[in-house]
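Small disclaimer: the values here were computed from a predicted structure and weren't measured. Keep in mind that the numbers below use all heavy atoms, side chains included, and drop hydrogens, waters and symmetry copies.
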Amino acid sequence: MKKVSYILRIVFLCLVALCIPGLLVLNGIQAKRYTALEKDVEELEKKQQELIEQNKKMITDISLLSSSERIENIAQNELGMRMAESDEIVRVEMKDSKK
């Protein structure tokens with residue numbers, strides 16, 4: 001009985017001794033995966049910042065392109081349009097067909 005207990009104790013100690021390097025290897029693998037994911041996150045954050053800057057630039061461009069002064073200038077100078085006189089304006093009212 002003591003011999004069986006002794007053998008089980010030796011087997012258990014061997015298993016524990018073998019688990020330690022295995023756990024160290026797993027820790028190294030996890031560290032490598034973490035580093036790769038961290039790099040991916042940094043790249044995505046950089047890309048996000050670039051997209052935010054592009055978006056800000058586009059919003060500014062939209063504001064400039066849709067300004068009433070610019071549209072009026074194009075209408076008058078490029079399209080030959082002019083401001084309508086008050087007697088040329090016709091107001092049209094439409095009834096709501098859902099009522």
Which distance, rounded to the nearest 0.5 Å, do you find between the [atom1] of [X] and the [atom2] of [Y]?
X: N73; Y: S68; atom1: CG; atom2: OG; result: 11.0 Å
X: Q54; Y: K47; atom1: CD; atom2: NZ; result: 6.5 Å
X: L24; Y: I29; atom1: CG; atom2: CD1; result: 11.5 Å
X: L15; Y: I10; atom1: CG; atom2: CD1; result: 11.5 Å
X: Q30; Y: L37; atom1: CD; atom2: CG; result: 9.0 Å
X: N55; Y: E50; atom1: CG; atom2: CD; result: 13.5 Å

Practice item. Check whether any side-chain heavy atom of K56 lies under 4.5 Å from a side-chain heavy atom of E53, and answer yes or no. Key: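 Side-chain contact under 4.5 Å: yes.
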Check your understanding: If you take all heavy atoms of S66 and I71, which pair is closest and at what distance?
Key -> O-CD1, 3.7 Å
